[in-house]
Amino acid sequence: MAASDRQAFPERVFSGVQPTGNLHLGNYLGAIKRFVQLQERFDCIYCVVDMHAITTWQDPKELAGQIREVTAAFIAAGIEPEKHIVFNQSQVAEHAELAWVFNCIARLGWLNRMTQFKEKAGKDRENASVGLYAYPTLMAADILAYKATHVPVGEDQKQHLELTRDIAQKFNNDYADSIRAHGHGDAFFPLTEPLIGGPAARVMSLRDGTKKMSKSDPSDYSRINLTDDADAVAQKIRKAKTDPEPLPSEEKGLESRPEADNLVGIYAALADVPKADVLRDHGGAQFSAFKGALVDLSVAKMGPIGSEMKRLTADPGHIDRILAEGADRARGMARETMAAVKDIVGFVRPR
Ligand code: TRP
């Protein structure tokens with residue numbers, strides 16, 4: 001058993017969302033909704049990861065607006081920035097500082113195994129930014145700057161979480177003597193656990209039930225944006241791809257019917273009930289009828305969030321103040337970690 005498993009770290013949640021534009025239902029049901037629920041059980045830190053965003057090109061005329069939009073979505077969905085912490089990454093320089101130390105802990109072989117880099121870099125790997133390659137060490141720094149013990153993420157981020165644990169473990173091992181000598185016990189960093197799951201962790205495209213709902217899909221009909229109005233939501237759901245069969249009454253009947261499965265999954269997640277309950281109530285219904293019910297539910301649940309987002313983004317000064325306050329509190333914590341890391345590594349710093 002590793003030292004960091006024996007040593008108790010206070011429970012804390014950290015998660016991040018990239019401000020890369022057009023937040024959609026998949027971001028809400030897969031991430032933000034869970035962030036809101038976790039506030040009941042944990043101290044939470046939610047970060048708009050703007051430094052991760054620029055690992056691929058972001059138009060500087062758009063980026064600030066995108067950062068404010070994610071912040072507005074957090075707050076509109078029910079995240080409470082007074083009780084927890086909401087901020088954007090670039091305001092806390094310790095993330096970049098700690099990421100450098102982690103670049104010296106992580107091995108090339110570890111990063112070479114990251115599937116997200118391979119996907120994002122595509123065939124033209126020589127032309128990918130160094131930042132895109134080092135993305136996971138910055139993510140580890142985000143999490144470990146706060147010694148977060150739990151991180152809600154989607155399936156696609158699980159590998160990055162494992163890398164975060166590997167970095168924590170290697171730091172704890174490589175510097176074990178120094179960690180003890182500086183009075184930090186057996187382990188300096190926790191081995192962070194992913195929190196994966198939830199009813200609709202994966203929301204698929206409305207045009208193709210085998211592809212994830214994505215901001216980069218060329219068709220706007222493939223996704224429901226958080227700021228879509230009721231008419232747009234209704235149109236997109238009515239036009240959503242389906243098959244000719246009526247809805248099954250049991251979950252088994254959704255197998256090899258990805259579009260039906262997706263719409264039922266969205267309904268279940270929005271209504272906070274298991275898919276089985278949705279099928280019990282709607283089994284045998286034609287899609288036209290079920291889509292009507294789904295439109296009503298989506299508009300009822302998402303409408304208020306969309307209008308609150310619009311209200312909040314109309315006052316950018318207010319959002320910027322929330323981010324600055326959150327960053328001040330986050331920085332206080334990250335500074336403490338970074339000072340200890342400097343001592344452990346053996347750097348000289350003013351006292
Ligand atoms: N990589 C995450 C994503 O794209 C975003 C992210 C950055 C993150 N830093 C994080 C998520 C720290 C959780 C914890 O979804």
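Whatever order the structure lists ligands and atoms in, that order sets their numbers, starting from 1.
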> Would you call the rings of His182 and His184 parallel, tilted or perpendicular, where under 30° means parallel and over 60° means perpendicular?
Replying inline: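 His182 and His184: parallel rings.
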> Which class fits the ring pair His52 and Tyr135: parallel under 30°, tilted 30 to 60°, perpendicular over 60°?
Replying inline: tilted
One line per pair, note the atom names and distance for all nitrogen or oxygen contacts under 3.5 Å between ligand 1 and the protein.
{"from": "ligand 1", "atom 1": "1 (N)", "to": "Tyr135", "atom 2": "OH", "distance (Å)": "2.6"}
{"from": "ligand 1", "atom 1": "1 (N)", "to": "Gln157", "atom 2": "OE1", "distance (Å)": "2.9"}
{"from": "ligand 1", "atom 1": "4 (O)", "to": "Gln18", "atom 2": "NE2", "distance (Å)": "3.3"}
{"from": "ligand 1", "atom 1": "4 (O)", "to": "Tyr135", "atom 2": "OH", "distance (Å)": "3.0"}
{"from": "ligand 1", "atom 1": "9 (N)", "to": "Asp142", "atom 2": "OD2", "distance (Å)": "2.7"}

> Below 4.0 angstrom, N of the basic side chain to O of the carboxylate: do Arg165 and Glu162 qualify?
Replying inline: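 Salt bridge flag = no for Glu162 with Arg165.
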Can you list, pair by pair, the side-chain donor-acceptor contacts under 3.5 Å of residues 141-151, counting residues two or more places apart and other chains?
{"from": "Asp142", "atom 1": "OD1", "to": "Gln89", "atom 2": "NE2", "distance (Å)": "2.9"}
{"from": "Asp142", "atom 1": "OD1", "to": "His95", "atom 2": "ND1", "distance (Å)": "2.8"}
{"from": "Asp142", "atom 1": "OD2", "to": "Gln89", "atom 2": "NE2", "distance (Å)": "3.3"}
{"from": "Tyr146", "atom 1": "OH", "to": "His95", "atom 2": "NE2", "distance (Å)": "2.8"}
{"from": "Lys147", "atom 1": "NZ", "to": "Phe188", "atom 2": "O", "distance (Å)": "3.4"}
{"from": "Thr149", "atom 1": "OG1", "to": "Arg12", "atom 2": "N", "distance (Å)": "2.8"}
{"from": "Thr149", "atom 1": "OG1", "to": "Arg12", "atom 2": "O", "distance (Å)": "3.2"}

>> Would you say that Asn27 contacts Met213 through its side chain, given a criterion of any heavy-atom pair below 4.5 Å between the two side chains?
In response: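 No, every pair of side-chain atoms sits at 4.5 Å or beyond.
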> Between Gln157 and Gln116, is any side-chain donor less than 3.5 angstrom from a side-chain acceptor?
Replying inline: yes
